[in-house]
Structure formats: structure tokens, C-alpha cells
S.K.: 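Just dropping this structure here.
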Amino acid sequence: MKIKVLVLLISISFISNAFATTDKNITSTAMIKNDSLLRHTVFFKFKEGTTAAQIKKVEDAFSALPSKIEQIKSYEWGLNNSPEGLNKGFTHAFFLTFNSEEDRAIYLPHPDHKAFGAVLTPYLDDVFVVDYWTK
């Protein structure tokens with residue numbers, strides 16, 4: 001009888017440990033964010049008829065944001081040159097890096113980001129954004 005009770009208690013212990021959330025699990029998730037960078041990727045498709053000068057104005061305005069918004073840790077951009085033809089008209093790719101979701105939350109409604117949106121909007125046909133934590 002004592003052996004059955006002991007086996008039952010050990011089994012319950014194993015089952016409860018399997019479903020328990022531990023500090024180790026929480027710490028592992030937090031470490032991914034602490035050891036990673038948050039990337040904010042933005043892709044633009046311009047309206048037909050947008051001139052090179054108008055596109056340059058947008059490029060320059062976006063490129064000025066890192067000097068105006070301190071939460072942007074790094075910035076790069078480039079033009080599509082894929083030979084696959086799968087870009088669906090999106091020509092410009094912009095990559096911004098943030099240290100945290102809080103930094104991104106400051107950037108999104110920031111007045112300088114909003115002012116950039118006012119420069120972009122008249123020429124923008126479509127945009128898509130993907131944010132991710134680097135691995």
C-alpha cells in the first residue's frame with residue numbers, strides 16, 4: 001500500500017511539473033527579447049506617375065528620422081533589385097531597429113514620424129510592415 005501511495009505521489013509531482021510555468025520559462029522568453037533586436041521593416045509601393053524627385057523627397061524625409069528620433073538604434077534602406085519579379089510593385093525597403101517594444105511605441109506616434117507620413121501619403125499606393133525580434 002505504501003508503494004502505491006508513493007508511486008501516486010511521484011506521478012502527481014511529474015504531471016504538475018509538466019504543466020507548471022516556472023521562472024526559468026519566463027526568463028527564457030525575456031532573454032530572447034533582451035538579447036535580440038526589434039526590427040521594424042517597411043515596404044513602399046508608389047503611385048503610378050510619382051516622379052523621381054517626389055520619391056527622392058520621401059527617401060530623404062525617411063532617412064532624416066534617425067537623427068530626430070533617438071529610439072531608432074539603426075536604419076538602412078534600399079531599392080528592390082530581385083530578379084524574381086515577386087515584389088508586387090513594392091520598390092523600397094526600410095529597416096529600423098529598436099531595442100524594445102517601448103522604443104517602437106514611442107516612435108510610432110512621434111511627431112517627426114507623423115510629419116514624415118504627411119510627406120509620404122500623397123505618393124503612396126501601398127505599404128506593408130513586418131516587425132520581428134531577431135533570433
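Just so it is clear, the model here is predicted, and its values are computed rather than measured. Start at 1 with the first residue, then count along the sequence.
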S.K.: If you measure from CD on Q71 to CG on L96, what distance do you get to the nearest 0.5 Å?
M.R.: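 The distance works out to 12.0 Å.
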
S.K.: If you apply the rule salt bridge (Lys or Arg N to Asp or Glu O under 4.0 Å), what do you find for D131 with R104, and how did you get there?
M.R.: CA-CA 10 Å; D131 291 1; R104 180 186 55 195; 2.8 Å; yes

S.K.: Using the rule that Ile, Leu, Val, Met, Phe, Trp and Tyr join whenever any side-chain heavy atoms are under 4.5 Å apart, tell me whether F98 and F94 fall into a single cluster.
M.R.: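 Yes, same cluster.
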
S.K.: Evaluate side-chain contact (heavy atoms from CB on, under 4.5 Å) for T41 paired with V129, printing each intermediate quantity in order.
M.R.: CA-CA 6 Å; T41 62; V129 176; 5.6 Å; no

S.K.: Pick one: which of D126, I55, T91, V127 meets side-chain contact (heavy atoms from CB on, under 4.5 Å) with F44?
M.R.: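 The passing option is V127.
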
S.K.: State, with a plain yes or no, whether a side-chain heavy atom of E59 is found less than 4.5 Å away from one of L79.
M.R.: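 E59 vs L79: side chains touch.
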
S.K.: How long is the gap from CG on N81 to CG on N87, to the nearest 0.5 Å?
M.R.: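 If we round to the nearest 0.5 Å, N81:CG and N87:CG are 10.0 Å apart.
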
S.K.: Between F90 and V42, is there shared hydrophobic-cluster membership here, with clusters defined by ILVMFWY side-chain heavy atoms closer than 4.5 Å?
M.R.: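 F90 and V42: separate clusters.
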
S.K.: With ring-ring contact (aromatic ring centres under 6.0 Å, His included) as the test, would you mind laying out the steps for Y107 and H40 before giving the verdict?
M.R.: CA-CA 11 Å; Y107 161 78; H40 176 71; 5.6 Å; yes

S.K.: When rounded to the nearest 0.5 angstrom, what is the spacing between OG in S100 and CD1 in I106?
M.R.: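 So the OG of S100 and the CD1 of I106 are separated by 7.0 Å.
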
S.K.: Between Q54 and T51, which heavy-atom pair has the shortest distance, and what is it?
M.R.: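 What the structure gives for the nearest pair is OE1-N, 2.8 Å.
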
S.K.: Could you check E48 against D125 for side-chain contact (heavy atoms from CB on, under 4.5 Å), going step by step and ending with a plain yes or no?
M.R.: CA-CA 8 Å; E48 191 172 321; D125 181 38; over 6 Å; no

S.K.: What's the shortest heavy-atom distance between P66 and S63, and which atoms?
M.R.: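 Distance-wise, the nearest heavy atoms are CD-O, 3.2 Å.
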
S.K.: Do the side chains of L120 and W77 join up, straight or via other hydrophobic residues, at under 4.5 Å, putting them in one cluster?
M.R.: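 In one cluster: yes.
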
S.K.: Please check if the side chain of K88 supplies one atom and the backbone of G85 the other of a donor-acceptor pair under 3.5 Å.
M.R.: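 Side chain of K88 to backbone of G85: no pair is present.
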
S.K.: Taking the ring of F46 and the ring of H92, is the distance between their centroids below 6.0 Å?
M.R.: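 Ring-ring flag for H92/F46: true, centres closer than 6.0 Å.
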
S.K.: Hey, are the side chains of T97 and L38 touching, using non-hydrogen atoms and a 4.5 Å cut-off?
M.R.: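 Of all side-chain heavy-atom pairs linking L38 with T97, none is under 4.5 Å.
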
S.K.: May I ask you to decide if P122's main-chain N or O and K47's side chain share a donor-acceptor pair within less than 3.5 Å?
M.R.: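 Checking the backbone N and O of P122 against the side chain of K47, a donor-acceptor pair under 3.5 Å is found.
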
S.K.: Please check if the distance between the ring centroids of F62 and Y75 is under 6.0 Å.
M.R.: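 Centroid separation for F62 and Y75: below 6.0 Å.
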
S.K.: Which atom pair, heavy atoms only, marks the closest approach of W133 to E101?
M.R.: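 Shortest heavy-atom separation between W133 and E101 comes out as NE1-OE2, 3.2 Å.
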
S.K.: With rounding to the nearest 0.5 Å, note down the distance linking CD1 in I72 to NE2 in H110.
M.R.: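 That separation rounds to 8.5 Å.
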
S.K.: Just wondering, do K73 and D103 contact through their side chains at under 4.5 Å, heavy atoms?
M.R.: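 With C-beta onward as the side chain, the pair touches.
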
S.K.: If I compare all heavy atoms of V58 with all of V119, which pair ends up nearest, and what's the gap?
M.R.: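 The answer is CG2-O, 4.2 Å.
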
S.K.: Supply the atom-to-atom distance F95 CZ to S74 OG, rounded to the nearest 0.5 angstrom.
M.R.: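 The OG atom of S74 is 10.5 Å from CZ of F95, to the nearest 0.5 Å.
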
S.K.: To the nearest 0.5 Å, how far apart are CG in L37 and NZ in K135?
M.R.: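 That separation rounds to 13.5 Å.
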
